[in-house]
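Naming convention: chains lettered A, B, ... in sequence-line order (proteins, then strands); numbering from 1 in each chain. Quick caveat: nothing in here was measured; it's all calculated off a predicted structure.
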2 protein chains.
Amino acid sequence: MQRKLSIGTVERLIHYYRCVEELIIEGQTCISSEELAEKTGYTPAQVRKDLTWHGALGVPGKGYATDVVQQVLRKLLGKHRPRLVGLVGVGHLGLALLRHPDFHKHGFHIVAGFDKELTKIGHSIDGVYIYDVSQIEKVCPLLKIEMGLVAVPPLEAQKVSDALIRAGVLGILNFAAVRLSVPSHVHLENVDLSIELEKLSCRIEGWL
Amino acid sequence: MQRKLSIGTVERLIHYYRCVEELIIEGQTCISSEELAEKTGYTPAQVRKDLTWHGALGVPGKGYATDVVQQVLRKLLGKHRPRLVGLVGVGHLGLALLRHPDFHKHGFHIVAGFDKELTKIGHSIDGVYIYDVSQIEKVCPLLKIEMGLVAVPPLEAQKVSDALIRAGVLGILNFAAVRLSVPSHVHLENVDLSIELEKLSCRIEGWL
DNA sequence: TAGATTGTTAATCGATTAACAATC
DNA sequence: TAGATTGTTAATCGATTAACAATC
């Protein structure tokens with residue numbers, strides 16, 4: 001396995017995947033780089049370059065078979081099996097994540113929630129059982145959870161992410177506004193909402 | 001006003017700003033590019049390059065005065081006045097945004113909520129009055145709202161963003177998983193949570 | 001002055017774009 | 001075959017890194 005893709009390329013490939021997924025549902029079997037570019041907002045040259053990632057996929061004179069593109073990108077995205085996800089922090093953000101319709105659609109299954117509030121522990125929300133945060137290390141391996149969503153206040157984020165790591169998760173999506181420290185074998189992605197607002201501010205100020 | 005900064009530079013500058021803000025609170029008056037790099041996870045050369053954005057700020061042999069850096073970056077981020085923000089969609093995600101403690105801390109003030117559910121309209125949540133979505137165009141100009149948070153289901157996102165645009169907002173932070181079309185004078189930033197999960201998946205698969 | 005650290009220039013690196021021969 | 005569109009190469013563009021003279 002080669003690790004050669006840039007984050008920019010990966011983002012575009014994800015968008016191509018979403019696009020061909022829809023096209024397949026609509027029954028379209030073939031698409032040109034020009035059309036795919038138009039639908040995703042990139043350029044045809046960029047699309048062709050990106051799609052050679054895994055060898056030549058297209059048919060000169062025709063375009064790309066949508067099902068071939070889908071198959072190859074499924075591999076990139078690790079969609080051969082469902083992703084089992086644990087949610088830590090069942091406040092408003094946690095509930096929003098739990099009810100987020102797209103997660104399930106894209107193969108991410110939240111199979112356990114964790115919170116420290118006694119009023120939440122022991123109940124199911126939308127079919128997802130809520131455990132005490134102290135059970136993270138016990139429950140995650142049992143349920144074969146491989147990704148964790150950290151939706152707790154900043155001061156608790158490191159602590160729960162340490163627990164997730166001890167529980168063997170491979171990746172953490174962190175919503176708390178702190179820089180988590182994780183060992184090198186654990187993958188981390190951050191969503192910092194106030195950074196997004198600051199970026200928008202910069203756009204409004206005209207610096208971008 | 002020159003528009004010369006790349007998105008990457010802006011992101012780093014935001015992190016420098018957060019860092020010097022903390023340092024000032026701790027009473028530190030000066031910082032070297034090396035220390036700032038260490039604290040933010042970038043390189044000293046990168047830090048120095050970024051900080052020349054607005055002319056020479058540092059003192060050779062000493063480093064950067066924290067208050068000077070703060071002042072200059074405040075300008076970049078448009079922090080001379082509070083940002084008034086309207087929230088459309090007061091579901092779980094909306095509530096999470098409404099209660100997000102960092103927004104207020106960083107000068108973003110949610111001053112109105114909008115929803116279509118009658119049970120929510122007319123009540124205040126954490127001091128924020130919830131209006132009917134049909135009132136967006138009337139209320140936003142009155143309250144001088146300049147940014148909109150779109151936290152509604154995908155199918156309604158374009159409709160409410162159109163209303164926000166007619167109401168004169170300058171920027172939209174969109175949480176719905178659709179590509180919104182906005183006129184060129186309106187700035188748009190997207191937060192797509194399932195894309196973030198896909199990126200994390202790619203990391204786990206070893207492509208990044 | 002000596003020591004430290006900046007700002008800047010040049011070199012490197014990587015990503016995007018353009019063009020076109022290859023090919024279905 | 002003629003027409004269309006790919007895959008690839010070379011050119012361009014921009015961002016990062018390294019090195020060091022300038023300077024406090």
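- Residues from residues 31-41 of chain B lying near DNA chain C, meaning a heavy-atom separation below 4.0 Å, are B/Ser32, B/Ser33 in numerical order.
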Could you walk me through whether B/Glu21 and B/Lys105 pass salt bridge (Lys or Arg N to Asp or Glu O under 4.0 Å), step by step? CA-CA 12 Å; B/Glu21 224 179 13; B/Lys105 191 172 87 185; over 6 Å; no
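- Among the candidates A/Arg166, A/Lys159, A/Gln158, the single residue satisfying the side chain to side chain donor-acceptor pair (under 3.5 Å) test with A/Asp162 is A/Gln158.
- Counting heavy atoms from C-beta on, the side chains of B/Lys39 and B/Leu23 come closer than 4.5 Å.
- Counting only heavy atoms from C-beta outward, the side chains of A/Leu97 and A/Phe108 never approach each other to under 4.5 Å.
- At a threshold of 4.0 angstrom between heavy atoms, the contacts of B/Leu57 are confined to the sugar-phosphate backbone, with no base atom among them.
- Checking side-chain atoms of B/Thr66 against main-chain N and O of B/Ile24 turns up no donor-acceptor pair under 3.5 Å.
- Between B/Tyr129 and B/Val139, every side-chain heavy-atom pair lies at or beyond the 4.5 Å cut-off.
- Sorted by residue number, the list of members of residues 13-21 of chain B with any non-hydrogen atom under 4.0 Å from DNA chain C is empty.
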Counting Watson-Crick and G-U wobble pairs with both distances under 3.5 Å, what is the dot-bracket string for DNA chain D, 5' to 3', using [ ] for crossing pairs and | for pairs to another strand? ..||||||||||||||||||||||
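- For B/His104, the NE2 atom is loosely surrounded, since the number of other residues' heavy atoms within 6.0 Å does not exceed 12.
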Under 4.0 Å protein heavy-atom contacts per nucleotide of nucleotides 14-24 of chain C, with B for base, S for backbone only and - for none: -SSBBB---BB
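- The pair B/Arg18-A/Glu198 meets the salt-bridge criterion, with a side-chain N (NZ, NE, NH1 or NH2) lying under 4.0 Å from an Asp/Glu carboxylate O.
- Residues meeting the side-chain hydrogen bond (donor to acceptor under 3.5 Å, both in side chains) test with A/Lys62, sequence neighbours left out: none.
- Between A/Tyr64 and the phosphate of D/dG7, there is a side-chain N or O to OP1/OP2 separation shorter than 4.0 Å.
- At least one side-chain heavy atom of A/Leu5 sits under 4.5 Å from a side-chain heavy atom of A/Leu13.
- The side-chain contact (heavy atoms from CB on, under 4.5 Å) search around B/Arg74 returns B/Tyr17, B/Gln70, B/Gln71, B/Lys79, not counting sequence neighbours.
- If you run side chain to side chain contact (heavy atoms under 4.5 Å, CB included) between A/Ser201 and each of B/Met147, B/His106, B/Glu146, only B/Met147 comes through.
- Atom CD of B/Glu156 has more than 12 neighbouring heavy atoms from other residues, nucleotides or ligands inside a 6.0 Å radius.
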